[in-house]
Amino acid sequence: MSDVRVRFSPAPTGFLHVGSARTALFNWLYARHTGGTFLLRIEDTDVTRSTPEAVEQIQHVLRWLRLDWDGDLVLQSHRFDLYLAAADRLLDEGLAYECYCTEEEVRARNDEALRTGATPGYDGRCRDLTAAERAARAAEGRPRSVRFRTPDEGESSFDDLVRGTVSVAWSTIPDFVIVRSNGTPVFFLANAVDDADMGITHVLRGEDLLDSTHRVLALRQALGHADRPVYAHLPLILGPGGAKLSKRHGATSVEEFRDAGYLPDALVNYLALLGWGPADGREVLTRDELVAEFDVARVTPSAATFDAQKLEWMNGEHIRRLGVADLAGEVLPFAKQRYGGRIEIRRFEAAVALAQERATTLAQIAQQCEFLFLPDDEVVIDDDARSTIAGLDGVGALIDAAIAHLETCEWDVEHIDLRPVVTGLGLKPRTHMKVLYAAIEGRTAGLPLFESIHLLGREAALTRLRRARDALAP
RNA sequence: GCCCCGUUGGUGUAGACGGCCUAACACGCCACCCUCUCAAGGUGGAGAUCACGGGUUCGAAUCCCGUACGGGGUGCCA
């Protein structure tokens, strides 16, 4: 047990992006590696964007990824009093001030500054209002927000575990709002208060928050906390081409990967490799191995491109490492979705075992096994198969010979072997076996044929061959 | 515009002390082998003047400066 305390603190405003998942993962890995504590805090200070569905969603996804958090979920929306009290203290001490500018006014002046080439940001109009001036504005019915007074000179700096010392001149950071005019606290305030209150020792988060760290740290200090957590800003995950990873690149939310048939361990493994890697260069790692190897000091500072192909490969690796029974259990929901009622579990597991060595996703396994659970008259030979078969000779004779063979052979895989039948007709298995695949499985490629026929049973196999005979070589 | 961060092959990483880097591993790609299909697996190959330009040094992917490019921020979003 160590005193490391980290937290994952997403805003519940939509689906959990893989980038957020990676942040959650690194925090979890760090906590588990050090024997520390991993907390989950929902940053729902923006009441207009946060939804309870998203809060649920986040927890579901984290559970599915098996990133278990310690203690109760912390909802910032339940802790507004704490933040508002902190804002009042800052106000009392003159470290923050009441601002009576409306959002529109601020934006208009900001746009103007941008246009004339002046420094944008809040211009400090309400910075030094007297009590009388404030009262007058309040009497006018103007909205009141609270701004934090940032230093006018000097610089802010902190040591980042992945980027070293990061500094910036205070003159580039204008006074910022910590309490909105609707009375709700803003991220910076809530974040500073909670990290202190929850005893957070290390903050691992996305690089997009790098600049905000100066503000959070200044607030924290103003609130009377002399110590600071250690920060580590994780590189961003980009889409192909270096653009932001978005829907146009395919899946971006964890749920989408789950539904596409990815294993949580594979996704976790892949995500861990984005911005980090174990010292020995191994890539396919179990959860325990990741925990054992993880080290924030080895996190890369540069952004990583999300590579869907590598994830797919990784998923295949994890599929192959699973026991057949476990794998079948994972595939079952996908199979049920397609052909739920007809599944025979013994045959299903046998089929999964055949698919295991060639699959990359669970959905793909379910699809490859489907032909075994289809009524014989619903097996459709796809167009692709038809066109390749159309270019072959001796199709009719081949199917006839296969039928003749299967009518009488002993019913085990060794005797079901149809290679002698194909070669006996002077045909090549390499090309003509596809005909038989199509007849049995509906396509030219799929689970190994002889095992498949064995699992299917003699009658069904013969029926399918006869139907194919009519369909392909009338 | 301003501020911050980044930059090793198509992609992810390795490359602590500068010399063992004529740059390694993995994904992807190509070829071959294996093979009842498709895969998986095996072997081999192509692909990087380590963004560029200056320094420092006997020696730099590794240190310093500049430039370019990319990303992030600049919000009463987080």
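For the numbers below, each heavy atom of this structure counts, side chains included, while hydrogens, waters and symmetry mates do not. Computed from a predicted structure; not experimentally measured. Here is the naming used below: chain letters follow the sequence lines, and residue numbers restart at 1 for every chain.
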### Message
Does A:Ser181 contact B:C76 through a side-chain donor or acceptor facing the base, at a distance under 3.5 Å?
### Response
yes

### Task
Taking all heavy atoms of A:Ala438 and all of A:Ile381, pick out the closest pair and write down the distance.
O-CG1, 3.5 Å

### Task
Provide the Watson-Crick or G-U wobble partner of B:C69, both distances under 3.5 Å; none if there is no partner.
B:G6

### Task
Please measure how far the P atom in B:C2 lies from the corresponding atom in B:U8, and state the result in whole Å.
26 Å

### Query
OP1 or OP2 of B:U11 less than 4.0 angstrom from a side-chain nitrogen or oxygen of A:Thr305, does that happen here?
no

### Message
Considering every strand and a 4.0 Å limit on heavy-atom distances, what is the contact class for A:Cys99: base, sugar-phosphate, or nothing?
### Response
nothing

### Task
Check each of A:Tyr97, A:Tyr122, A:Phe176 against A:Phe148 using the ring-ring contact (aromatic ring centres under 6.0 Å, His included) test, and report the only one that passes.
A:Phe176

### Query
So what does A:Glu317 touch, heavy atoms closer than 4.0 Å: a base, only the sugar-phosphate, or nothing?
sugar-phosphate

### Query
Taking the same atom, P, in B:A46 and in B:C25, what whole-Å distance lies between them?
12 Å

### Task
Would you kindly give the CZ-to-P distance between A:Arg443 and B:A39, to the nearest whole Å?
14 Å

### Query
Base, sugar-phosphate, or nothing for A:Thr184, non-hydrogen atoms under 4.0 angstrom?
nothing

### Query
Checking all strands, does A:Thr102 fall into the base, sugar-phosphate, or nothing category for heavy-atom contacts under 4.0 angstrom?
base

### Partner of A:Asp175 under side chain to side chain donor-acceptor pair (under 3.5 Å), chosen from A:Arg149, A:Arg147, A:Arg127
A:Arg127

### Message
Heavy atoms only, 4.0 Å cut-off, all strands: where does A:Glu283 land among base, sugar-phosphate and nothing?
### Response
base

### Task
For A:Phe188, report the nucleic acid contact type (base, sugar-phosphate, nothing); a contact means any heavy atom under 4.0 Å.
base

### Query
Would you say the base of B:G73 and the side-chain of A:Asp208 have a donor-acceptor pair closer than 3.5 Å?
no

### Task
Name the pairing partner of B:G44, where a pair is Watson-Crick or G-U wobble with both distances under 3.5 Å, or state none.
B:C30

### Query
Relative to the ring of A:His214, is the ring of A:Trp170 parallel (under 30°), tilted (30 to 60°) or perpendicular (over 60°)?
perpendicular

### Query
Quick one: which of B:C77, B:C27, B:G71 gets closest to the side chain of A:Trp313?
B:C27

### Query
Any side-chain N or O of A:Arg430 less than 4.0 Å from the OP1 or OP2 oxygen of B:U37?
yes

### Query
Does A:Arg142 have a side-chain nitrogen or oxygen under 4.0 Å from the phosphate oxygens OP1 or OP2 of B:C76?
no

### Task
Check whether the side chain of A:Glu103 and the base of B:G75 form a donor-acceptor pair under 3.5 Å.
no

### Query
Quick one: which of B:C5, B:G12, B:G28 gets closest to the side chain of A:Leu210?
B:C5

### Message
What's A:Arg205 touching, base or sugar-phosphate or nothing? Going by heavy atoms closer than 4.0 Å.
### Response
nothing

### Query
At under 4.0 Å between heavy atoms, what does A:Leu436 touch on the DNA or RNA strands: base, sugar-phosphate, or nothing?
nothing

### Message
So A:Pro301, base contact, sugar-phosphate only, or nothing? Heavy-atom distance under 4.0 Å.
### Response
sugar-phosphate

### Query
Between A:Thr45 and B:A78, does any side-chain N or O lie under 4.0 Å from OP1 or OP2?
yes

### Query
A:Glu207 has a side chain; which of B:A40, B:G12, B:G71 sits nearest to it?
B:G71

### Query
Where the side chain of A:Ser145 is defined as all heavy atoms beyond and including C-beta, which of B:U13, B:C76, B:U7 is the nearest nucleotide?
B:C76

### Message
Let's see if you can work this out: which of B:U7, B:C4, B:C77 has an atom nearest to the side-chain heavy atoms of A:Val166?
### Response
B:C4

### Candidates A:Asp194, A:Asn27, A:Asp195 - the one meeting side chain to side chain donor-acceptor pair (under 3.5 Å) with A:Arg7
A:Asp195

### Message
Regarding A:Arg49, tell me which of base, sugar-phosphate or nothing describes its non-hydrogen contacts under 4.0 Å with the strands shown.
### Response
base

### Query
On a whole-Å scale, what distance lies between the C1' atoms belonging to B:U22 and B:C63?
23 Å

### Summary
Sorted by position of nearest nucleotide on RNA chain B, 5' first, the leading residue of A:Val168 and A:Pro429 is A:Val168

### Task
Would you indicate what A:Ala445 reaches in the nucleic acid, counting non-hydrogen atoms under 4.0 angstrom: base, sugar-phosphate, or nothing?
base

### Query
Is the shortest side-chain N/O distance from A:Arg180 to OP1 or OP2 of B:C77 below 4.0 Å?
yes

### Query
Do A:Arg358 and B:C38 have a side chain to base donor-acceptor pair shorter than 3.5 Å?
yes

### Query
Would you say A:Arg298 reaches B:G15's phosphate, i.e. side-chain N/O to OP1/OP2 under 4.0 Å?
yes

### Message
Just N and O in the side chain of A:Lys310: are any of them under 4.0 Å from OP1 or OP2 of B:U13?
### Response
no

### Task
Quick one: label A:Gly121 by what it contacts on the DNA or RNA (base, sugar-phosphate, nothing), any heavy atom closer than 4.0 Å.
sugar-phosphate

